[in-house]
Amino acid sequence: MSYNKVTDRLIKELEHIVGSENLTTKPEELYCYSFDGTIQHHIPEVVVRPKDTSQVSEIVKLANREKIPITPRGSGTGLSGATIPTFGGIVMDTTRMNQILDIDIENMIAIVEAGVICDGLNAELAKYGYCFPPDPGSSSICTIGGMVGTNAGGNKALKYGVTKDHVLWLEVVLPSGEIIKTGSHVLKSSSALDITRLMIGSEGVLGIVTKVGIKLTPLPKYTSTELFLFDAVAAAAKAVVKVRVAGIVPTMLEFMDLPTTEATFEYAGLEGYPEGYYLLLECDGFHQEAVESEFTKAVEFSMTEKPIYYEKAEDLKHRDKLLSARKSALPALSRLRPTTCIEDCTVLVTKLPEAAMKIEEIPSQLGVEGFGLGNFGHVGDGNMHPTFFFDERVDSQREAFYKALDILYKDIVIPLGGSITGEHGLGIVKTPYIGHELGSTVKIWYDIKKLLDPNLILNPGKGKGGPYPLVCE
Amino acid sequence: MLLLRGLLYDAIELTDTIKNRLYFCSICGICKEKCPPGVDTPTIFREIRENLVEHGEVMENHKQVLTNIQQANNPFGEPHENRLAWIPPDIELPETAETLYFAGCMSSYRTKETAINTVKLLKASGIDFTVSKDEICCGSVLFNTGFTGMAKEFATTVADLINSNGVKNIVTSCAGCYRMLKMEYPETFGLKLNAEIYHTSQLLEKLINEGRLTPNQMNMRVAYHDPCHLGRHMNEYDAPRRVILSIPGIELVEFPESRELTHCCGAGGGVRSAFRDYSVEIAAERVKQANELGVDAIVTACPFCALNLRDGADLIKQNIPVFDLPELIVKACGL
């Protein structure tokens, strides 16, 4: 793929659209927009910050006309490189579009602009006793648009599902600049081809989301939580299998391996606990007896794997304390070494024990000093986040990271019939592995991409947009 | 931090814009407070400034501050011999005492009411104290603007002064001096002070609890502004609040961003020296918060915060008094 460069004339046109104060070509600012949550980076030529859908449309039309690549971006907290402008061009920062447009409690629907922050939305909804359930670890910073881009999940996805389960419709600017609304403003409709779900998780390669119609969920009234510590990863994983195979759907089943538990307990100030693999079980709902009944059964199944320690939360404060360790997994691990890369994979629940044990072996398999691993995740639906920590400035450790990715995805996850991403998306990092997971199916994506974006201007260089193999600058 | 990464990896060049960004930080520490992994941004910024200074990349105004301190022992370049001119003529101080009041440069030359009111309170409470004619800059502004070596020289001189005087206690009204004396001197410069270091708020609390100072009724609604150097850096949030609440009739209101999350006044870290207008604009934002709270006054426990907040109030033409804590207690005690 080749594109034209952004010229001074185009800068003036862009300034005319968004205002000079909402556009930058300063090298130091462009550099900051080169990054996301990975170690990938590439500098754009210009960053624009539109205020509304019409400005987004004008910018996209201009880019399409001039064959300039556009990379949309929310808060830039993505973990797969999806917002890295790998072909330079325009980065479109959507965070100025940050209004909650409507909260209709009676109809349980809200409308938000793409730049609304997840926790900010939930703070407003909580006033009415409702929520938008997906809760990624970055919820205090990430935008709803970004969550749509990756189909974000989080701790509670096991019971409440992921982003696509709570989105009714989208307003999207297509690569042509055309503005479309993908669905109906009702809770249930079968009138359309499901363009909404085509767009969700498309990582900005098919269109730029500007508004989101959200289905609201009532906040549960009762919660029961218990912490288990096991002396082996297999025991923790088997406990999960037993709970799930029994047909129980807890709100959360969160796991951490030994290094992660050690790092997070120290970080969170949890003292006096034995060393062990962490499993946090939580059930919630509206009727206390029902919650307790389900919770008690789940605890019974977990206990059959003989945890070395268990502790039930006495109240919400106690629950928050037990959960705080899990929530601090990434910051705690990121303090261990200069570079931290969090990965994301999903296997069938029954394959969890084998996957977790094999993942645990990756550092010793590579035998590179200074290269380590902490694994944690939402194991209730088989989703794990193996997190590698190392020093990217040391050649042997950086090379070990890329070998670790090969082992993780090609030798462990895909042979077990798993998926190379549960919620972070393909971006750049996992694109080399998608053919191994889905084979020739991925070619259809490129056909769809070419149909909507014949000039391939929207977020090029990312796995879901093809073509394959991808060539980046 | 990304800019620092870019410089480290030679991905970007040090331009004037980037240099300004690296100096346009008050080192207030709120980023470290909010950062989940707890990246020590204040220390990183101090060290990058040290590196910039070594390479001659210094802000012009900071150069002048350095010259002033080297020549006159204070950042304003005011004559050193005038350092104690703030002492009221009716206050006699002994040559030596158990407690040394370290006024600091700001109170000695600019916000003199802080020093004057502090000694009034110390006198009224019967504390055996004095001040030193040999007092010089504690080195705080040098330390925060990259002149670490010079900061250590001044710190060594101050430490020698304190240790040779045989004082048991040091009291300072300046949050910056308190931080330097209590933390940076021993931990960064390896200088042991043979005296207990107190901030005025801590001593005032003790004196009020012992009945040596008795605040009278004062019906006023105030908001307390946590100075970064006293609060976030030294973990002292409560002594000033308890002192304020010891005044009968006072209603203490919290800013929306207070304690660990206090909104910096914008003065510290060399920002007021190098970026005066922006510094005062930051202070004005804090004053706006106070107006929204509907308070009668802002109270703080740092003369530098007081100065910048007053300038911030002037900028937006808000007639809201800003009291440094000693001033408020003097009023309350009718001294």
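Naming convention: chains lettered A, B, ... in sequence-line order (proteins, then strands); numbering from 1 in each chain.
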* Residues B/Lys19 and A/Glu28 bridged, charged N to O under 4.0 Å -> no

* Asked: CD1/B/Ile18 to OH/A/Tyr31 distance, rounded to the nearest 0.5 angstrom?
  -> 9.5 Å

* For the residue pair B/Thr15 and A/Pro27, establish whether any side-chain heavy-atom pair is separated by less than 4.5 Å. => no

* To do: Go through the steps to decide whether A/Glu392 and B/Arg5 satisfy the test salt bridge (charged side-chain N to carboxylate O under 4.0 Å, His left out), and finish with yes or no.
  => CA-CA 13 Å; A/Glu392 64 180 307; B/Arg5 187 187 194 279; 3.2 Å; yes

* **Within 6.0 Å of NZ in A/Lys26, more than 12 heavy atoms from elsewhere** => no

* **A/Glu271 atom CD, over 12 foreign heavy atoms within 6.0 Å** => no

* **For A/Cys32 against B/Leu2, the heavy-atom pair lying closest together** => O-CD1, 3.6 Å

* Hey, could you give me the CD1/CD1 distance between B/Ile12 and A/Ile43, rounded to the nearest 0.5 Å? => 8.0 Å

* Give a yes or no on this: more than 12 heavy atoms of other residues, nucleotides or ligands lie within 6.0 Å of atom CD of B/Glu50. => yes

* When you look at CD of A/Glu266, are more than 12 heavy atoms from neighbouring residues, nucleotides or ligands closer to it than 6.0 Å? -> no

